[in-house]
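Everything numeric in this text was worked out from a predicted model, so none of it was measured. The first residue of the sequence shown is numbered 1, and numbering continues consecutively from there. Side-chain atoms are counted along with the backbone in the values below, which use heavy atoms only and exclude waters and symmetry mates. Note that ligands are numbered from 1 as they come in the structure, with each ligand's atoms numbered from 1 the same way.
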Amino acid sequence: MKTIDKIYIDGEFVKPKGTAYFDLISPTTNEKLGKVLLGNEEDTQNAINAAKKAFKTFSKTTATERIQYLENIQNSIKKRKNDFINVMVEEYGGTFQFASVSYEYMLKSFDSAINLLNNYEFTKKMGESEVQMTPIGVVGIIIPWNSSNGFICSKLSTAIVAGCTTVIKPSEMSAQQTQLITECLHEAGLPIGVFNIVNGLGEIVGAEISRNPDIAKISFTGSTTVGKMIAKEAVNTMKRITLELGGKSPNIILEDADLSKAIPLAIMAAYMNSGQACIAGTRLLVPENKLEEVKLLVKELVLNTVVGDPKNQNTAIGPMVSQKQYERVQNYIQIGISEGAEILTGGLGKPAGLENGNFVKPTVFINVNNQMRIAREEIFGPVLSIITYKTEEEAIEIANDTSYGLQAYVSSADEKRAHNIASQISAGRVQINGIGHDPMAPFGGFKQSGIGREFGVLGLEAYLEPKALIQ
Ligand code: NAD
């Protein structure tokens with residue numbers, strides 16, 4: 001049984017002033033793994049003060065110094081590869097496969113941050129003027145549980161590139177993962193106060209970050225509901241905000257697509273990170289005349305998908321993070337049934353032999369229309385809806401008929417044709433014939449999937465305030 005009773009403020013592990021504990025429960029067995037002592041408003045204020053103090057000098061560091069800090073962090077993370085993978089598997093229930101990819105993603109954040117520092121011009125000429133891109137100030141980083149350390153690495157590394165200092169609030173459910181990354185960041189020897197990490201609840205620690213006038217910007221990843229609360233609060237002090245929110249990503253299979261490639265990709269897109277992914281391709285749009293063929297392929301693939309102990313290297317779908325998340329997914333499966341959609345495979349309840357954990361049956365619905373709640377709302381579990389279309393125009397219309405717009409997928413034998421369709425989709429990223437991540441390209445949502453972009457130059461500029469010197 002582990003007890004995590006330290007947060008990180010001003011270069012030190014300190015005991016929070018908060019007195020409430022939160023139980024850490026294994027998603028795989030529902031046994032108690034440990035507990036975490038939660039920070040409160042005062043802890044958050046102390047963290048913000050430390051970051052504010054550090055900003056005075058850190059904002060003036062050179063690119064060479066920042067590159068050195070980024071390399072130091074990357075090196076200390078490299079020493080703990082197995083620990084990172086194991087703690088994500090144990091605490092979050094992420095599969096070994098996903099946790100391994102996630103670990104590589106963490107390391108790559110620092111490569112792209114260094115790349116930015118080597119190439120970005122912080123002073124530009126615009127019109128007749130000199131424009132200085134200046135660090136914005138103290139950044140509040142608020143993140144969810146589904147890729148906790150990945151988010152910390154990508155957001156913190158961008159803040160360091162910009163010369164900003166930070167207060168990080170991960171999900172309370174990620175305390176062991178947070179402890180590990182904090183140890184690595186501590187070892188990296190950054191100036192004190194550049195990063196501060198407070199475990200705690202959203203309505204306490206997150207709310208203080210959203211309210212506090214000394215936070216200049218919030219970088220938030222999480223649900224659209226909480227994103228809106230943060231945005232409303234942030235405007236009172238004119239904080240800048242980057243919101244990476246939910247999604248209901250369409251995956252258009254064009255008539256000429258090679259189904260033997262497109263359908264395995266579609267299942268991967270729908271069930272990545274056990275379906276707990278904002279970019280999951282959860283609406284599969286197929287030509288009406290291909291439905292029978294698609295059904296056969298999908299059913300076979302899903303029946304062969306390994307659901308189970310996330311430790312096993314061949315497991316593709318692990319448990320949902322919590323009992324609450326399990327119930328949410330069950331509720332949506334029930335909604336789909338009540339709405340008249342038909343289950344192709346999966347359904348309510350736990351897979352046989354996995355009754356102790358928060359496991360759900362990977363589920364595919366057919367006879368779905370795009371107005372049903374299962375096609376409109378983010379489920380955040382391995383539930384896929386298949387929707388048919390007659391023409392390409394109709395496919396685009398269905399794809400765009402959503403309040404979200406984070407990511408989309410298109411498969412076709414003809415790249416030009418896929419490119420043409422992709423250009424007509426309202427989403428921050430469109431994946432053509434694959435699933436990839438370009439850390440130098442922008443990531444973020446249209447519509448209710450968010451505000452602003454992360455990654456690359458656009459992501460960096462969200463941490464900078466332009467100042468024009470006119471002579
Ligand atoms: P959530 O919105 O409930 O919580 C996210 C974070 O916000 C947590 O740290 C939480 O403690 C904090 N929070 C909660 N209430 C708050 C408040 N009132 N003020 C300030 N902070 C508060 O999300 P979750 O359930 O942890 O994660 C799942 C959601 O995250 C899904 O909707 C998913 O789509 C989204 N997500 C988005 C992306 C993306 O990049 N767009 C990536 C991953 C997850």
Side-chain angles (χ1 to χ4, degrees), residues 22 27 36 38-41 44 92 94 98 102 105 140-152 154-155 158 167-175 177-178 197-212 215 218-234 236 239 241-249 272-282 320-329 332 377-381 402-408 427-429 437 439 442-455 459 462:
F22 176 86
V36 52
L38 301 174
N40 64 12
E41 282 92 350
T44 315
Y92 165 58
F98 179 74
S102 185
Y105 168 100
I141 294 176
I142 304 178
I143 53 169
W145 35 258
N146 65 332
S147 183
S148 189
N149 285 340
F151 294 132
I152 291 180
S154 59
K155 291 178 195 281
T158 314
V167 174
I168 302 171
K169 194 217 92 64
S171 164
E172 61 282 4
M173 282 191 278
S174 312
Q177 295 166 83
T178 302
I197 304 188
V198 184
N199 288 318
L201 299 179
E203 56 270 33
I204 295 177
V205 176
E208 178 61 34
I209 291 174
S210 312
R211 206 166 37 228
N212 195 296
I215 295 278
I218 295 183
S219 177
F220 172 76
T221 296
S223 61
T224 297
T225 309
V226 173
K228 287 180 185 175
M229 289 162 69
I230 289 175
K232 284 181 188 157
E233 184 60 51
N236 292 330
K239 292 180 181 30
I241 46 169
T242 305
L243 304 177
E244 300 292 352
L245 310 176
K248 194 74 198 177
S249 301
M272 63 168 87
N273 198 359
S274 306
Q276 299 174 123
C278 50
I279 53 173
T282 48
M320 302 295 94
V321 69
S322 62
Q323 215 150 352
K324 187 171 154 214
Q325 190 64 19
Y326 167 82
E327 275 150 24
R328 175 188 166 92
V329 177
Y332 270 108
E377 297 173 20
E378 186 179 54
I379 298 174
F380 229 56
T402 168
S403 57
Y404 292 113
L406 188 60
Q407 177 139 297
R429 278 189 173 184
H437 172 57
F443 173 72
F446 281 38
K447 301 189 265 182
Q448 299 211 18
S449 286
I451 295 179
R453 293 292 181 273
E454 294 195 283
F455 298 107

Subject >> Nearest option to atom 11 (O) of ligand 1, as decided by whichever heavy atom of K169, E244, R211 sits closest >> reply: K169
**OP:** For I142, take its heavy atoms, then give the atoms of ligand 1 lying under 4.0 Å from any of them.
**Re:** 6 (C), 7 (O), 9 (O), 12 (C), 21 (N)
Subject >> CD1-CD1 distance between I141 and I197, expressed to the nearest 0.5 angstrom >> reply: 9.0 Å
Subject >> Distance from atom 24 (P) of ligand 1 to nearest protein heavy atom, with residue and atom >> reply: W145 NE1, 3.5 Å
Subject >> atom 9 (O) of ligand 1: the protein heavy-atom neighbour that sits closest, reported with distance to 0.1 Å >> reply: I143 O, 2.7 Å
**OP:** Look at K324 together with E327 and state whether they make a salt bridge at an N to O cut-off of under 4.0 Å.
**Re:** no
Subject >> Minimum non-hydrogen distance to atom 13 (N) of ligand 1, winning option of G202, S322, G206 >> reply: G202
Original post:
Is ligand 1 under 4.0 Å from a heavy atom in the side chain of I230, in the backbone, in both, or in neither?
Top reply: side chain
**OP:** Start with the C-alpha gap between S249 and Y404, add the side-chain angles, then the distance that decides, and say whether side chain to side chain contact (heavy atoms under 4.5 Å, CB included) holds.
**Re:** CA-CA 8 Å; S249 301; Y404 292 113; over 6 Å; no
Original post:
Atoms of ligand 1 less than 4.0 Å from A207 heavy atoms?
Top reply: 19 (N), 20 (C)
Subject >> Proximal ligand 1 atoms for N146, defined as those under 4.0 Å from one of its heavy atoms >> reply: 43 (C), 44 (C)
Original post:
Nearest protein heavy atom to atom 4 (O) of ligand 1: under 4.0 Å?
Top reply: no
Original post:
Do L406 and R429 come close enough that some side-chain heavy atom pair is under 4.5 Å?
Top reply: no
Original post:
For atom 35 (C) of ligand 1, what's the nearest protein heavy atom and its distance?
Top reply: G222 O, 3.0 Å
Subject >> K155 side chain near I143 side chain, heavy-atom distance below 4.5 Å >> reply: yes
Original post:
For atom 1 (P) of ligand 1, which candidate among S174, P144, S223 holds the nearest heavy atom?
Top reply: S223
Original post:
Considering I379, I279, L245, which one's heavy-atom position lies nearest to atom 41 (N) of ligand 1?
Top reply: L245
**OP:** If you have a sec, work out which protein heavy atom is nearest atom 28 (C) of ligand 1 and how many Å separate them, to one decimal?
**Re:** F380 CE2, 3.6 Å
Original post:
Under the side chain to side chain contact (heavy atoms under 4.5 Å, CB included) criterion, do F22 and M173 qualify, and how do the steps go?
Top reply: CA-CA 8 Å; F22 176 86; M173 282 191 278; 3.8 Å; yes
**OP:** Locate the shortest heavy-atom distance separating Q276 from V321; write the atom from each residue and the value.
**Re:** OE1-N, 3.0 Å
Original post:
Nearest 0.5 Å, what's the CD-CG distance between E378 and L245?
Top reply: 9.0 Å
Original post:
Which part of E378 is near ligand 1, with near meaning a heavy atom under 4.0 Å away: side chain, backbone, both or neither?
Top reply: side chain
Original post:
Can you tell which of N273, N146, N149 makes a side-chain hydrogen bond (donor to acceptor under 3.5 Å, both in side chains) with Y92?
Top reply: N273
Original post:
Hey, what do you get for CG (N199) to CD1 (I168), rounding to the nearest 0.5 Å?
Top reply: 11.0 Å
Subject >> Those atoms of ligand 1 less than 4.0 Å from some heavy atom in M229 >> reply: 18 (N)
**OP:** Measure the spacing between CD of E244 and CD1 of I142 and express it to the nearest 0.5 Å.
**Re:** 13.5 Å
**OP:** Run down the list F220, Y404, F443 and name the one with the heavy atom closest to atom 7 (O) of ligand 1.
**Re:** F220
Original post:
If hydrogens are left out, which of G200, S210, C278 has an atom nearest to atom 42 (C) of ligand 1, that is, the closest non-hydrogen atom?
Top reply: C278
**OP:** Using a strict cut-off of 4.0 Å, indicate which atoms of ligand 1 neighbour a heavy atom of G246.
**Re:** 34 (O)
Original post:
Going by the angle between their ring planes, with limits at 30° and 60°, are Y105 and H437 parallel, tilted or perpendicular?
Top reply: tilted
Original post:
For ligand 1, which atoms, with element, lie under 4.0 Å from some heavy atom of L406?
Top reply: 41 (N)
